[in-house]
Amino acid sequence: MTIEKIFSEVFGMPESSIVDTLILTEIGSWDSLAHMILITRLEDTYQVQFSGDQIADMKSVGDARKALLAQGANI
């Protein structure tokens with residue numbers, strides 16, 4: 001599963017609109033619960049564990065990608 005697919009499913013957006021520059025606060029369905037669902041889906045899919053700082057700093061698709069790569073995820 002791709003990071004774009006996960007964002008698409010969590011936020012109900014077309015996969016084609018998921019780009020690294022997309023900021024979470026620009027997503028209409030984004031809220032703190034959706035953010036935690038996203039984190040859980042990313043951690044489960046890529047078998048990683050984000051730190052509290054990584055979660056707090058995750059403000060865009062690109063940030064999520066960087067956090068995954070920092071955890072050694074194969075994306």
Euclidean distance, [Y] [atom2] relative to [X] [atom1], rounded to 0.5 Å:
{"X": "Gln49", "Y": "Ile39", "atom1": "CD", "atom2": "CD1", "result": "10.5 Å"}
{"X": "Phe7", "Y": "Leu24", "atom1": "CZ", "atom2": "CG", "result": "5.5 Å"}
{"X": "Ile75", "Y": "Thr45", "atom1": "CD1", "atom2": "OG1", "result": "12.0 Å"}
{"X": "Ile18", "Y": "Arg65", "atom1": "CD1", "atom2": "CZ", "result": "10.5 Å"}
{"X": "Ser60", "Y": "Lys66", "atom1": "OG", "atom2": "NZ", "result": "6.5 Å"}

Over all heavy atoms of both residues, which pair between [X] and [Y] is shortest? Give the atoms and the distance, please.
{"X": "Ile3", "Y": "Tyr46", "result": "N-OH, 3.2 Å"}
{"X": "Asp44", "Y": "Gln47", "result": "O-NE2, 2.7 Å"}
{"X": "Phe11", "Y": "Ser29", "result": "O-OG, 2.9 Å"}
{"X": "Ile55", "Y": "His35", "result": "O-NE2, 3.3 Å"}
{"X": "Phe50", "Y": "Leu42", "result": "CE1-CB, 3.9 Å"}
{"X": "Ser8", "Y": "Glu15", "result": "OG-N, 3.7 Å"}

Q) Heavy atoms, side chains only, cut-off 4.5 Å: are Ile27 and Leu22 in contact? A) yes
(Q) Less than 4.5 Å apart, side chain to side chain, heavy atoms only: is that true for Val19 and Val61? (A)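 No, every pair of side-chain atoms sits at 4.5 Å or beyond.
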Less than 3.5 Å apart, any donor N or O on the side chain of Gln71 or Gln54 sitting next to an acceptor on the other? yes
Applying a strict under-4.5 Å side-chain criterion to I, L, V, M, F, W and Y, I'd like to know whether Leu38 and Ile23 cluster together.
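They do not share one cluster, since no chain of ILVMFWY contacts under 4.5 Å joins Leu38 to Ile23.
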Fill in: Cluster overlap Met1 with Met13, hydrophobic side-chain contacts below 4.5 Å
yes
Checklist entry - Got a sec, which residues hit side-chain hydrogen bond (donor to acceptor under 3.5 Å, both in side chains) with Glu9, two or more places apart in sequence or on another chain? => result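 By the side-chain hydrogen bond (donor to acceptor under 3.5 Å, both in side chains) rule, Glu9 matches Arg41.
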